[in-house]
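Comments concern the structure below.
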Amino acid sequence: MKVFAADLHVHTALSPCASEEMTPPAICRAALDAGLAMIGVCDHNSAGNVAAVQAAAAMLPGEELAVIAGIEITTVEEVHVAGLFPDAAAACGAAREAQESLPEVDGRDSRFGEQRLMDPEGAIIGAERKVLHMACALDLNACVALIKRYGGLAIAAHINRPSYSVISQLGVFPADAGFDAVEFAPMPYAPALGFDLKDLGLPVLESSDGHYLSDIGSRFCGLEMAEPSFEELVLAIRRSGGRRVRNA
Amino acid sequence: MKLIEIAEKLQLKNLTPEIKPDPVTDVQWGYASDLLSDVLAGASAGAVLVTIQVHMNVIAVAANVDLSAVVFASGRRPDETVIKRAVQEGIPLYGTEETTFDVAGKLYKLGLRGHRA
(Lines give C-alpha, C1' and ligand atoms only; values in the text may rest on other atoms or scores of the structure.)
Protein backbone atom coordinates (compact mmCIF):
# COMPACT_ATOMS: atom_id res chain seq x y z
CA MET A 1 0.00 0.00 0.00
CA LYS A 2 1.01 3.57 -0.64
CA VAL A 3 -0.50 6.84 0.55
CA PHE A 4 -1.80 9.05 -2.26
CA ALA A 5 -2.60 12.70 -1.63
CA ALA A 6 -6.08 13.43 -2.96
CA ASP A 7 -8.21 16.57 -3.23
CA LEU A 8 -11.54 15.09 -4.26
CA HIS A 9 -13.54 18.30 -4.66
CA VAL A 10 -12.28 20.70 -7.32
CA HIS A 11 -14.43 22.92 -9.55
CA THR A 12 -13.70 23.92 -13.13
CA ALA A 13 -14.65 27.09 -15.03
CA LEU A 14 -17.95 25.33 -15.75
CA SER A 15 -19.18 26.20 -12.27
CA PRO A 16 -20.56 29.73 -12.44
CA CYS A 17 -18.89 30.60 -9.12
CA ALA A 18 -15.46 29.25 -10.11
CA SER A 19 -12.65 31.30 -11.59
CA GLU A 20 -12.14 31.35 -15.35
CA GLU A 21 -8.55 30.28 -14.65
CA MET A 22 -9.88 26.80 -13.76
CA THR A 23 -9.13 25.27 -17.15
CA PRO A 24 -8.40 21.55 -17.52
CA PRO A 25 -4.63 21.92 -18.10
CA ALA A 26 -4.24 24.62 -15.41
CA ILE A 27 -6.09 22.46 -12.86
CA CYS A 28 -3.86 19.47 -13.62
CA ARG A 29 -0.69 21.58 -13.38
CA ALA A 30 -1.82 23.11 -10.07
CA ALA A 31 -2.71 19.68 -8.69
CA LEU A 32 0.74 18.29 -9.51
CA ASP A 33 2.43 21.39 -8.11
CA ALA A 34 0.46 20.86 -4.89
CA GLY A 35 1.79 17.31 -4.68
CA LEU A 36 -1.51 15.61 -5.37
CA ALA A 37 -1.79 12.18 -6.97
CA MET A 38 -5.58 12.34 -7.38
CA ILE A 39 -8.27 14.96 -7.79
CA GLY A 40 -12.05 14.79 -8.08
CA VAL A 41 -13.77 17.16 -10.50
CA CYS A 42 -17.10 18.20 -9.00
CA ASP A 43 -18.89 21.04 -10.78
CA HIS A 44 -22.31 22.23 -9.70
CA ASN A 45 -25.08 20.06 -11.19
CA SER A 46 -22.96 19.20 -14.23
CA ALA A 47 -20.11 16.94 -15.29
CA GLY A 48 -19.49 18.56 -18.67
CA ASN A 49 -15.79 19.28 -18.13
CA VAL A 50 -14.83 15.99 -16.45
CA ALA A 51 -13.69 14.23 -19.61
CA ALA A 52 -11.63 17.27 -20.65
CA VAL A 53 -9.78 17.32 -17.32
CA GLN A 54 -9.18 13.57 -17.57
CA ALA A 55 -7.81 14.04 -21.10
CA ALA A 56 -5.64 16.94 -19.93
CA ALA A 57 -4.22 14.73 -17.17
CA ALA A 58 -3.48 11.98 -19.70
CA MET A 59 -1.45 14.48 -21.76
CA LEU A 60 0.86 15.42 -18.86
CA PRO A 61 4.36 14.46 -19.98
CA GLY A 62 5.91 11.90 -17.65
CA GLU A 63 3.65 12.70 -14.71
CA GLU A 64 0.67 10.87 -13.28
CA LEU A 65 -2.52 12.47 -12.02
CA ALA A 66 -5.69 10.44 -11.48
CA VAL A 67 -8.84 12.44 -12.18
CA ILE A 68 -12.02 11.06 -10.62
CA ALA A 69 -15.29 11.94 -12.36
CA GLY A 70 -17.64 13.81 -10.06
CA ILE A 71 -20.51 16.21 -9.62
CA GLU A 72 -21.80 18.42 -6.84
CA ILE A 73 -25.60 18.28 -6.81
CA THR A 74 -27.72 20.92 -5.06
CA THR A 75 -30.75 19.15 -3.61
CA VAL A 76 -34.16 20.71 -3.15
CA GLU A 77 -33.22 21.36 0.50
CA GLU A 78 -30.22 23.28 -0.88
CA VAL A 79 -27.82 20.70 0.48
CA HIS A 80 -24.69 20.10 -1.58
CA VAL A 81 -24.00 16.42 -2.21
CA ALA A 82 -20.83 15.37 -4.02
CA GLY A 83 -20.92 12.25 -6.17
CA LEU A 84 -17.76 10.45 -7.33
CA PHE A 85 -18.16 7.97 -10.18
CA PRO A 86 -16.29 5.17 -11.95
CA ASP A 87 -16.06 7.23 -15.16
CA ALA A 88 -17.13 10.43 -16.92
CA ALA A 89 -20.07 8.74 -18.64
CA ALA A 90 -21.59 7.76 -15.29
CA ALA A 91 -21.08 11.26 -13.91
CA CYS A 92 -22.69 12.77 -17.02
CA GLY A 93 -25.62 10.35 -16.77
CA ALA A 94 -26.30 11.35 -13.19
CA ALA A 95 -25.85 15.02 -14.13
CA ARG A 96 -28.38 14.73 -16.94
CA GLU A 97 -31.01 13.38 -14.56
CA ALA A 98 -30.24 15.93 -11.85
CA GLN A 99 -30.48 18.75 -14.40
CA GLU A 100 -33.89 17.80 -15.76
CA SER A 101 -35.77 20.26 -13.58
CA LEU A 102 -33.33 23.15 -14.02
CA PRO A 103 -34.34 26.05 -16.29
CA GLU A 104 -32.41 27.10 -19.36
CA VAL A 105 -30.01 30.02 -19.01
CA ASP A 106 -31.41 33.39 -20.02
CA GLY A 107 -29.83 36.85 -20.01
CA ARG A 108 -30.29 37.44 -16.30
CA ASP A 109 -28.23 34.44 -15.27
CA SER A 110 -24.89 35.79 -16.46
CA ARG A 111 -24.56 37.74 -13.22
CA PHE A 112 -24.06 34.39 -11.46
CA GLY A 113 -21.05 33.70 -13.67
CA GLU A 114 -20.16 32.01 -16.93
CA GLN A 115 -20.59 28.26 -17.40
CA ARG A 116 -17.70 27.36 -19.69
CA LEU A 117 -17.35 24.00 -21.40
CA MET A 118 -13.73 23.40 -22.34
CA ASP A 119 -11.52 21.08 -24.31
CA PRO A 120 -8.43 19.38 -22.84
CA GLU A 121 -6.24 22.33 -23.94
CA GLY A 122 -8.45 24.77 -22.07
CA ALA A 123 -10.14 26.35 -25.09
CA ILE A 124 -13.78 27.31 -24.60
CA ILE A 125 -15.95 25.06 -26.76
CA GLY A 126 -19.38 26.04 -25.51
CA ALA A 127 -21.54 26.92 -22.53
CA GLU A 128 -23.76 24.81 -20.35
CA ARG A 129 -27.39 25.65 -21.20
CA LYS A 130 -28.94 24.77 -17.83
CA VAL A 131 -28.76 27.15 -14.89
CA LEU A 132 -26.26 25.40 -12.63
CA HIS A 133 -26.37 27.53 -9.48
CA MET A 134 -29.95 26.53 -8.66
CA ALA A 135 -31.33 23.65 -6.63
CA CYS A 136 -32.49 20.55 -8.49
CA ALA A 137 -35.91 19.03 -7.83
CA LEU A 138 -34.31 15.99 -6.14
CA ASP A 139 -34.56 15.74 -2.37
CA LEU A 140 -31.59 14.49 -0.40
CA ASN A 141 -32.64 10.83 -0.41
CA ALA A 142 -33.40 10.87 -4.14
CA CYS A 143 -30.06 12.54 -4.82
CA VAL A 144 -28.09 9.90 -2.90
CA ALA A 145 -30.12 7.18 -4.67
CA LEU A 146 -29.33 8.74 -8.07
CA ILE A 147 -25.60 8.76 -7.33
CA LYS A 148 -25.73 5.12 -6.19
CA ARG A 149 -27.68 4.10 -9.29
CA TYR A 150 -24.75 5.32 -11.41
CA GLY A 151 -22.28 3.35 -9.30
CA GLY A 152 -21.07 6.40 -7.43
CA LEU A 153 -20.02 7.35 -3.91
CA ALA A 154 -22.27 9.88 -2.18
CA ILE A 155 -20.45 12.40 -0.02
CA ALA A 156 -22.00 15.03 2.26
CA ALA A 157 -20.10 18.06 0.94
CA HIS A 158 -18.35 20.55 3.25
CA ILE A 159 -20.42 19.65 6.30
CA ASN A 160 -18.45 22.21 8.30
CA ARG A 161 -19.77 25.01 6.08
CA PRO A 162 -22.43 27.42 7.42
CA SER A 163 -24.37 27.27 4.15
CA TYR A 164 -25.40 24.57 1.67
CA SER A 165 -24.31 21.78 4.01
CA VAL A 166 -26.33 18.94 5.49
CA ILE A 167 -25.81 20.50 8.89
CA SER A 168 -26.80 24.06 7.93
CA GLN A 169 -29.89 23.00 5.99
CA LEU A 170 -31.13 20.04 8.01
CA GLY A 171 -29.86 20.84 11.50
CA VAL A 172 -28.80 17.31 12.37
CA PHE A 173 -27.02 14.68 10.31
CA PRO A 174 -29.52 12.14 8.91
CA ALA A 175 -27.79 8.86 9.79
CA ASP A 176 -29.96 6.89 7.36
CA ALA A 177 -29.31 9.08 4.30
CA GLY A 178 -26.88 6.55 2.83
CA PHE A 179 -23.79 8.75 2.60
CA ASP A 180 -20.49 6.95 2.04
CA ALA A 181 -18.39 9.73 3.56
CA VAL A 182 -18.49 13.29 4.80
CA GLU A 183 -16.29 16.07 3.50
CA PHE A 184 -14.53 18.84 5.38
CA ALA A 185 -13.63 21.95 3.44
CA PRO A 186 -11.06 24.52 4.58
CA MET A 187 -13.08 26.92 6.72
CA PRO A 188 -13.24 27.66 10.40
CA TYR A 189 -16.98 27.10 10.92
CA ALA A 190 -17.54 25.24 14.16
CA PRO A 191 -21.25 25.12 14.97
CA ALA A 192 -22.25 24.48 18.57
CA LEU A 193 -23.69 21.06 17.90
CA GLY A 194 -22.80 19.25 21.10
CA PHE A 195 -20.90 16.62 19.13
CA ASP A 196 -17.89 16.39 16.88
CA LEU A 197 -18.71 16.50 13.19
CA LYS A 198 -15.87 14.06 12.65
CA ASP A 199 -17.60 11.55 14.90
CA LEU A 200 -20.47 10.55 12.62
CA GLY A 201 -19.12 7.06 11.98
CA LEU A 202 -18.31 7.87 8.37
CA PRO A 203 -14.92 8.41 6.72
CA VAL A 204 -13.91 12.07 6.62
CA LEU A 205 -12.52 13.39 3.35
CA GLU A 206 -10.62 16.65 3.60
CA SER A 207 -10.96 18.59 0.34
CA SER A 208 -10.34 22.11 -0.92
CA ASP A 209 -13.72 22.69 -2.64
CA GLY A 210 -11.39 24.66 -4.88
CA HIS A 211 -12.82 27.44 -7.02
CA TYR A 212 -9.42 29.05 -7.75
CA LEU A 213 -6.13 27.47 -8.80
CA SER A 214 -4.50 28.50 -5.53
CA ASP A 215 -7.18 26.54 -3.63
CA ILE A 216 -6.24 23.20 -5.15
CA GLY A 217 -4.62 20.96 -2.56
CA SER A 218 -5.06 23.57 0.20
CA ARG A 219 -6.83 20.78 2.01
CA PHE A 220 -6.47 17.14 1.04
CA CYS A 221 -6.62 13.64 2.42
CA GLY A 222 -4.24 10.72 2.20
CA LEU A 223 -5.65 7.59 0.62
CA GLU A 224 -3.83 4.45 1.66
CA MET A 225 -4.37 2.08 -1.23
CA ALA A 226 -2.66 0.07 -3.99
CA GLU A 227 -3.04 2.60 -6.82
CA PRO A 228 -4.84 5.89 -7.50
CA SER A 229 -8.02 4.57 -9.12
CA PHE A 230 -11.76 4.85 -8.46
CA GLU A 231 -11.96 1.15 -7.51
CA GLU A 232 -9.23 1.62 -4.90
CA LEU A 233 -10.90 4.81 -3.64
CA VAL A 234 -14.09 2.84 -3.02
CA LEU A 235 -12.11 0.29 -0.99
CA ALA A 236 -10.41 3.05 1.00
CA ILE A 237 -13.74 4.67 1.84
CA ARG A 238 -15.17 1.28 2.79
CA ARG A 239 -12.03 0.59 4.86
CA SER A 240 -11.72 -2.69 3.02
CA GLY A 241 -8.70 -4.87 2.17
CA GLY A 242 -6.28 -2.78 4.20
CA ARG A 243 -7.21 0.43 2.35
CA ARG A 244 -8.21 3.52 4.31
CA VAL A 245 -8.52 7.29 4.41
CA ARG A 246 -5.90 9.19 6.39
CA ASN A 247 -6.23 12.88 7.05
CA ALA A 248 -3.40 15.31 7.60
CA MET B 1 -54.41 31.41 21.75
CA LYS B 2 -54.79 27.63 21.69
CA LEU B 3 -53.33 25.74 18.77
CA ILE B 4 -56.73 24.36 17.80
CA GLU B 5 -58.16 27.89 17.51
CA ILE B 6 -55.21 29.01 15.41
CA ALA B 7 -55.73 26.07 13.06
CA GLU B 8 -59.41 26.95 12.72
CA LYS B 9 -58.86 30.66 12.11
CA LEU B 10 -56.17 30.03 9.47
CA GLN B 11 -58.13 27.12 7.98
CA LEU B 12 -55.08 24.89 8.19
CA LYS B 13 -55.29 21.29 7.07
CA ASN B 14 -54.55 19.01 10.01
CA LEU B 15 -52.00 16.43 8.78
CA THR B 16 -51.86 14.62 12.13
CA PRO B 17 -55.47 14.19 13.33
CA GLU B 18 -54.23 11.29 15.50
CA ILE B 19 -52.68 13.81 17.90
CA LYS B 20 -55.11 15.08 20.53
CA PRO B 21 -55.00 18.88 20.68
CA ASP B 22 -53.62 20.47 23.82
CA PRO B 23 -56.65 22.21 25.44
CA VAL B 24 -54.64 24.20 27.99
CA THR B 25 -51.52 25.77 26.52
CA ASP B 26 -51.57 29.15 24.81
CA VAL B 27 -49.20 29.50 21.88
CA GLN B 28 -47.24 32.73 22.22
CA TRP B 29 -44.38 32.49 19.78
CA GLY B 30 -43.95 31.96 16.07
CA TYR B 31 -40.85 31.24 13.98
CA ALA B 32 -40.42 31.15 10.22
CA SER B 33 -37.35 29.49 8.69
CA ASP B 34 -36.40 26.76 6.23
CA LEU B 35 -32.89 26.24 7.57
CA LEU B 36 -33.15 23.68 10.32
CA SER B 37 -29.83 24.69 11.86
CA ASP B 38 -31.36 28.15 12.28
CA VAL B 39 -34.52 26.68 13.81
CA LEU B 40 -32.39 24.70 16.26
CA ALA B 41 -30.45 27.80 17.21
CA GLY B 42 -33.24 30.36 17.18
CA ALA B 43 -36.72 28.96 17.77
CA SER B 44 -38.20 29.11 21.26
CA ALA B 45 -39.87 26.21 23.05
CA GLY B 46 -43.60 26.26 22.39
CA ALA B 47 -43.32 28.19 19.12
CA VAL B 48 -45.21 27.37 15.95
CA LEU B 49 -42.79 26.88 13.05
CA VAL B 50 -43.82 28.01 9.56
CA THR B 51 -41.63 26.43 6.88
CA ILE B 52 -41.42 25.00 3.37
CA GLN B 53 -38.80 22.48 4.52
CA VAL B 54 -40.37 18.98 4.43
CA HIS B 55 -37.35 16.79 5.18
CA MET B 56 -37.71 14.20 7.95
CA ASN B 57 -35.32 16.24 10.09
CA VAL B 58 -38.07 18.81 10.66
CA ILE B 59 -39.54 16.36 13.17
CA ALA B 60 -36.25 15.74 14.97
CA VAL B 61 -35.64 19.47 15.21
CA ALA B 62 -39.24 20.19 16.30
CA ALA B 63 -38.95 17.60 19.07
CA ASN B 64 -35.56 18.92 20.08
CA VAL B 65 -36.76 22.52 20.34
CA ASP B 66 -40.14 21.42 21.75
CA LEU B 67 -42.15 23.27 19.12
CA SER B 68 -45.92 23.25 19.60
CA ALA B 69 -46.62 22.65 15.89
CA VAL B 70 -45.23 22.87 12.36
CA VAL B 71 -47.13 24.56 9.52
CA PHE B 72 -46.02 23.64 6.01
CA ALA B 73 -46.67 26.64 3.74
CA SER B 74 -47.01 27.09 -0.02
CA GLY B 75 -48.69 23.73 -0.50
CA ARG B 76 -45.60 21.76 0.56
CA ARG B 77 -46.45 18.45 2.17
CA PRO B 78 -44.09 16.03 3.91
CA ASP B 79 -44.38 12.39 2.92
CA GLU B 80 -46.11 9.71 4.98
CA THR B 81 -42.99 8.57 6.84
CA VAL B 82 -42.49 12.11 8.13
CA ILE B 83 -46.11 12.36 9.26
CA LYS B 84 -45.83 8.97 11.00
CA ARG B 85 -42.75 10.11 12.89
CA ALA B 86 -44.52 13.33 13.89
CA VAL B 87 -47.41 11.32 15.34
CA GLN B 88 -44.91 9.18 17.29
CA GLU B 89 -43.22 12.31 18.62
CA GLY B 90 -46.50 14.08 19.27
CA ILE B 91 -45.69 17.05 16.99
CA PRO B 92 -48.86 18.37 15.32
CA LEU B 93 -48.40 19.10 11.62
CA TYR B 94 -50.53 21.38 9.48
CA GLY B 95 -50.57 22.28 5.81
CA THR B 96 -51.72 25.33 3.87
CA GLU B 97 -51.56 26.62 0.32
CA GLU B 98 -50.67 30.09 1.61
CA THR B 99 -47.11 31.38 1.59
CA THR B 100 -44.89 31.63 4.65
CA PHE B 101 -45.30 35.42 4.51
CA ASP B 102 -49.08 35.27 4.65
CA VAL B 103 -49.19 32.61 7.36
CA ALA B 104 -46.74 34.56 9.51
CA GLY B 105 -48.79 37.73 9.01
CA LYS B 106 -51.98 36.02 10.08
CA LEU B 107 -50.29 34.46 13.13
CA TYR B 108 -49.01 37.89 14.11
CA LYS B 109 -52.52 39.32 13.79
CA LEU B 110 -53.72 36.60 16.15
CA GLY B 111 -51.26 37.82 18.76
CA LEU B 112 -48.27 35.51 18.22
CA ARG B 113 -44.87 37.17 18.24
CA GLY B 114 -41.37 36.39 17.10
CA HIS B 115 -39.02 35.39 19.88
CA ARG B 116 -35.42 34.26 19.61
CA ALA B 117 -34.28 31.56 21.99
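Throughout, protein chains are lettered first and strands after them, A, B, ... in sequence-line order, and every chain is numbered starting at 1.
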* Would you say E20(A) has more than 12 foreign heavy atoms packed within less than 6.0 Å of its CD? -> no
* To do: Answer yes or no: does atom CD1 of I4(B) have more than 12 heavy-atom neighbours from other residues, nucleotides or ligands under 6.0 Å?
  => no
For chain B against chain A, give me the donor-acceptor pairs closer than 3.5 Å, one per line with atom names and distance.
from, atom 1, to, atom 2, distance (Å)
S168(A), O, S37(B), N, 3.4
S168(A), O, S37(B), OG, 2.4
Q169(A), O, L36(B), N, 3.0
L170(A), O, N57(B), ND2, 3.0
V172(A), O, N57(B), ND2, 2.6

* Asked: More than 12 heavy atoms of other residues, nucleotides or ligands under 6.0 Å from CZ of R96(A): is that the case?
  -> no
* Asked: Any idea which heavy atoms bring G171(A) and L40(B) closest together, and the distance?
  -> O-CD1, 3.6 Å
